Enquirer: 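I'd like to ask you about the structure that follows.
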There are 2 protein chains.
Amino acid sequence: MPSKSDTKTHILDIAERHFARDGFAGTSLRAIIKDAGVNVAAIAYHFGTKEELYQAVTERFAAPVVREQLERLRAEVKKDGANLEGVLCAFYEPPLKLIKKMGKKGEVLSMFLGRAQTEPEPVFSLIDDHYQACRNEFINAFRKFLPDLEEGEYQWYFEFMLSLIVCFLTRHIPVRLRYTNDRDWEPEHVTGSLVEFCLKGMGKKN
Amino acid sequence: MPSKSDTKTHILDIAERHFARDGFAGTSLRAIIKDAGVNVAAIAYHFGTKEELYQAVTERFAAPVVREQLERLRAEVKKDGANLEGVLCAFYEPPLKLIKKMGKKGEVLSMFLGRAQTEPEPVFSLIDDHYQACRNEFINAFRKFLPDLEEGEYQWYFEFMLSLIVCFLTRHIPVRLRYTNDRDWEPEHVTGSLVEFCLKGMGKKN
DNA sequence: GTATGATTCAATCAGTTGATTGAATTTCAA
DNA sequence: TTGAAATTCAATCAACTGATTGAATCATAC
């Protein structure tokens, strides 16, 4: 019944859920194929190794987010009256809006994006390379709007900016279990909180 | 040759290095015992299951840090002229000073502390419970020094504060590979950066 | 020195891991 | 309808997984 792309897509759908929840090492191919109702060999046939399957998930799931962040950034710095706030919005809005748009599946994307950033090798290098271009361009934008900082500070500011959204993506479920307020999960509100915290953090002392 | 406590301690020494580098699921007991030069059964004898071994590492390695953070916090809020900056120092200083004091082994502690916070189940619950008491007391301190915020904001401020140090602990090695300046890794300087960013982030808008 | 308890050991368990094979099946164009 | 390519399948591989056993070794108090 399922055509080529059906099985392939279906495996990706299931795989991303498992990788998101259990991490790379904690996910077995058996668990995926059992859940997907396909044969083990299907993974080898369509993707190759476990690592290549993970890479495929990253490519379909995470790469578009990074691409949009970069597009938004480039548009933002060209604007009249461009500022640091716009740069931060360019970083935070794409993933949060996409997650919201995807509905239930956004929860999976959220977990996957967050977890991927904190995986041990061999995933770490894979993800880190992915963000290399992103990192350079955002740091250049920081240089533009936050002149005269030390080089190390620019580096750390990018990591801080990144870590705040990783924190949000991986923790919003446990946090909401402790304290629920549906408004807090509106992407506009979340983006606003992250941008505000980060903007103030990078700004001058009060 | 090795007495009881020797073997037990030695296993812990090796285990924490593996868990720090490869995560819980990515670490096999074989890898640990091979590295430690002991028998597989030694782990079962001294600790029990793999999960109990991880718990023992957490207890010896991470628990003292949390305890000191809480002690520092309690001392800080009692002070004359207590303020938010003191609260943040109480949170950031203990782990960073300990890591510095431990020298080479501090790198392992650093990685372990950072990674533990981002592990999937069953580790996540273990660690999260550990931080529950810590979380409540710090959030109460936020309430004191940052009055009239919404409840959700206090919750997220704690998570942000936590995520910044997790970011630092897990990323300082790759970041230093990209840009090295030894001064940046002095605990006073690091604490200063984290406290400043966080303090500004939590403060009023400029 | 000997008995007792603590510790270590090799051997082994059953189950899982990622990966591969070659045969069976399906798909679809000619 | 037929034939070649794409896809799926059951069966199997060797290696590894966490865990357990009972015998051997050790330390120590008597």
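This one's a predicted model, so the numbers in the text were calculated from it and none came from an experiment. Residue numbering restarts at 1 for every chain, and letters A, B, ... go by the order of the sequence lines.
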Enquirer: A/A41 side chain: which of D/dT8, C/dT7, D/dA10 is closest?
Expert: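 Nearest listed nucleotide: D/dA10.
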Enquirer: For a quick test of reading the model: is some side-chain N or O of A/S28 closer than 4.0 Å to OP1 or OP2 of C/dT17?
Expert: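 Result: yes.
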Enquirer: Has A/H46 got a side-chain N or O lying under 4.0 Å from the OP1 or OP2 atom of D/dA6?
Expert: no
Enquirer: Given atom CD1 of B/I32 and atom P of D/dA19, what is their separation to the nearest angstrom?
Expert: 11 Å
Enquirer: May I ask you to check whether A/Y157 and B/F197 place their ring centers less than 6.0 Å from one another?
Expert: yes
Enquirer: From the set D/dA19, C/dA19, C/dT7, return the single nucleotide nearest to any side-chain atom of B/Y45.
Expert: C/dT7
Enquirer: Rounded to whole angstroms, how far apart are CG on A/L53 and C1' on C/dT17?
Expert: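 To the nearest whole Å, that distance equals 15 Å.
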Enquirer: Do the two ring centres, one from A/F47 and one from A/Y54, sit under 6.0 Å apart?
Expert: no
Enquirer: Distance check, rounded to the nearest 0.5 Å: B/W156 atom CH2 versus A/L194 atom CG?
Expert: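 Interatomic distance, B/W156 CH2 to A/L194 CG, rounded to 0.5 Å: 8.0 Å.
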Enquirer: Where the side chain of B/N39 is defined as all heavy atoms beyond and including C-beta, which of D/dC9, D/dG18, C/dC9 is the nearest nucleotide?
Expert: C/dC9
Enquirer: In this structure, how many angstroms lie between the P atom of D/dG18 and the OH atom of B/Y54, rounded?
Expert: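 Spelled out: OH on B/Y54 to P on D/dG18 is 15 Å.
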Enquirer: Give the rounded distance in Å between these two atoms: CD1 of A/I33 and C1' of C/dT17.
Expert: 12 Å
Enquirer: May I have the distance from B/I43 (atom CD1) to C/dT7 (atom P), rounded to whole angstrom?
Expert: 16 Å
Enquirer: Nearest whole Å is fine: how far is C/dT17 P from A/D22 CG?
Expert: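 Between P of C/dT17 and CG of A/D22: 11 Å.
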Enquirer: Would you mind telling me which residue lines up with the more 5' stretch of DNA chain C, B/R30 or A/A25, judged by nearest nucleotide?
Expert: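 Its nearest nucleotide being more 5', the pick is B/R30.
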Enquirer: Whole-Å distance between D/dC26 C1' and B/D6 CG?
Expert: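 About 14 Å, once rounded to whole Å.
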Enquirer: Rounded to whole Å, please give me the gap between NZ in A/K50 and C1' in C/dT20.
Expert: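 Between C1' of C/dT20 and NZ of A/K50: 18 Å.
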Enquirer: What I'd like to find out is whether the side chain of A/T170 reaches to under 4.5 Å of the side chain of B/T118, using heavy atoms alone.
Expert: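 Counting from C-beta outward, A/T170 and B/T118 never come under 4.5 Å.
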Enquirer: Could you walk me through whether A/K97 and A/E68 satisfy the salt bridge (charged side-chain N to carboxylate O under 4.0 Å, His left out) test, starting with their C-alpha distance in whole Å, then the side-chain angles of each, then the deciding distance to 0.1 Å, before giving a yes or no?
Expert: CA-CA 11 Å; A/K97 280 203 168 160; A/E68 207 189 319; over 6 Å; no
Enquirer: Below the 4.0 Å mark, does D/dT7 have OP1 or OP2 next to a side-chain nitrogen or oxygen of A/T7?
Expert: no
Enquirer: Heavy atoms under 4.0 Å, any strand shown: does B/A44 hit a base, just sugar-phosphate, or nothing?
Expert: base
Enquirer: Kindly point out which of D/dA19, C/dG18, C/dC9 is positioned nearest to the side chain of B/V38?
Expert: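 For B/V38, the side-chain atoms sit closest to C/dC9.
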